[in-house]
Amino acid sequence: MKVLNFGSLNIDYVYKVNHVVKRGETISSRELCTYPGGKGLNQSVALGKAGAEVYHAGCIGQEGLFLKEFLNEAGVGTDYIHVLPEVKSGHAIIQNDDNGDNCILLYGGANQTITQKQVDETLSAFDAGDYLILQNEINEVAYIVEKAHEKGMKIVLNPSPMDEKVLELPLDKIDYFILNEIEAGQILGMENQGGQELSEALAEKFPGARIVLTLGGDGSVYFDGVRRHAQEIYKVETVDTTAAGDTFTGYFIAGMIQELPVEKAMDMAAKAAAVTVSRAGAGVAIPTMEEVEKFAG
Ligand code: RIB
C-alpha cells in the first residue's frame with residue numbers, strides 16, 4: 001500500500017529569540033538557521049522514517065532543490081515534485097523562543113501553484129486503498145480530495161494551518177482527521193469544548209471517519225464513533241516544538257498502514273513527537289524508527 005502526500009515544501013528560516021516579537025516592537029535575533037520544512041515535507045519525512053512507502057507531490061522553485069534531496073535521503077519518492085524555475089519556493093519565518101515555543105509566518109510561493117493537470121497526472125499513479133495525506137498549505141486541496149475519493153483512496157486531512165478554505169472542503173470524503181482542539185472547534189462551530197465533546201461531535205458529523213484530536217500537553221485522543229483511546233505525551237526537555245505535530249501525524253498514519261493496533265500507533269507517534277521536540281529544526285529533527293524504538297520515554 002502506497003502513500004501519496006500532496007503537500008507543502010518550505011524553506012524554514014528559524015530565528016532564535018528571547019521572546020517572540022510583539023506588535024510595534026523591533027528585536028534582534030541571536031541566531032539564524034535554515035532547515036527543510038513545511039507541514040507536507042515534515043509529514044512525508046516522518047512517514048518515510050517510519051518505514052512507509054511514501055511519495056511526495058508538490059512544487060518548489062530552483063532554490064528549493066535541497067528539499068527534494070532531503071526527502072530522498074529520508075526514503076521519500078520525489079518524482080511528483082515539480083521544479084518551477086520562474087517561482088520562488090515556499091518559506092516560513094519562524095521565531096523560536098527560550099521556552100522552545102515558536103510562531104510562524106508563511107509565504108506560500110510555489111506551494112500555491114499546483115495545477116489540476118498536476119493533480120490528475122499524479123493521482124493516475126495511485127490506486128484504490130492507497131493513502132492520501134493533505135494539509136492546508138497548498139492550493140487545489142478540494143479538487144485533490146474529490147479526485148482521490150473517486151479513485152477510492154483513503155484520505156487523511158490535517159487541516160493546518162486552519163482558515164476559511166478548510167470549511168469549504170468536501171469534508172464528508174475524509175477518512176482520517178488529525179487536528180487540534182482549535183481546528184476541531186472551528187470545523188464544528190463550537191467554542192470552549194473539551195477533547196471528549198469535540199471528538200464525539202466530529203464523529204457524529206462525519207460518520208465513519210477516524211478522529212485523532214491532539215491536545216498539546218494533554219496528549220491526544222482517538223475516536224472512531226465506537227472505540228476511544230487516550231494517549232499521554234512523553235515529557236522531554238523542549239528545544240523546539242516545530243514539526244512535533246507533523247511527526248505525530250506521519251508516525252500515526254504509518255502505524256495505521258502497518259495495521260498496528262490504534263494504541264500502539266498512538267504510542268509510537270507520541271514517542272516520535274517527543275524526540276522531535278527535544279531537537280532543533282523541523283524536518284531534520286524527525287527521528288528514525290530505530291531512534292523511536294530506543295527512546296525510553
Ligand atoms: O509544522 C511545522 C511547519 O509549519 C514548519 O516546518 C513550517 O514550514 C510550517 O509549514
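Counting starts at 1 for both ligands and their atoms, in listed order.
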Stepwise side-chain hydrogen bond (donor to acceptor under 3.5 Å, both in side chains) test for N5 and Q135:
CA-CA 9 Å; N5 185 357; Q135 313 78 29; 3.1 Å; yes
Residue shell for ligand 1, any heavy atom closer than 4.0 Å, reads N10, D12, G37, G38, K39, N42, A92, I104, L106, E137, T242, A243, D246, A282
With T242 as partner, the option from D12, T247, N102 fulfilling side-chain hydrogen bond (donor to acceptor under 3.5 Å, both in side chains) is N102
*asked:* Can you confirm whether the side chains of D130 and Y55 place a donor and an acceptor under 3.5 Å from each other?
replied: no
Flag the pair Y80 / H56 as yes when their ring centroid distance falls below 6.0 Å, and as no otherwise.
no
Any idea how Y176 and Y131 line up, ring-wise: parallel (<30°), tilted (30 to 60°), or perpendicular (>60°)? tilted
- Message: Using the rule given for side-chain hydrogen bond (donor to acceptor under 3.5 Å, both in side chains), can you reason through T249 versus N158, listing the C-alpha separation, both sets of side-chain angles and the distance that settles it, and then say yes or no?
- Response: CA-CA 8 Å; T249 297; N158 169 222; 4.7 Å; no
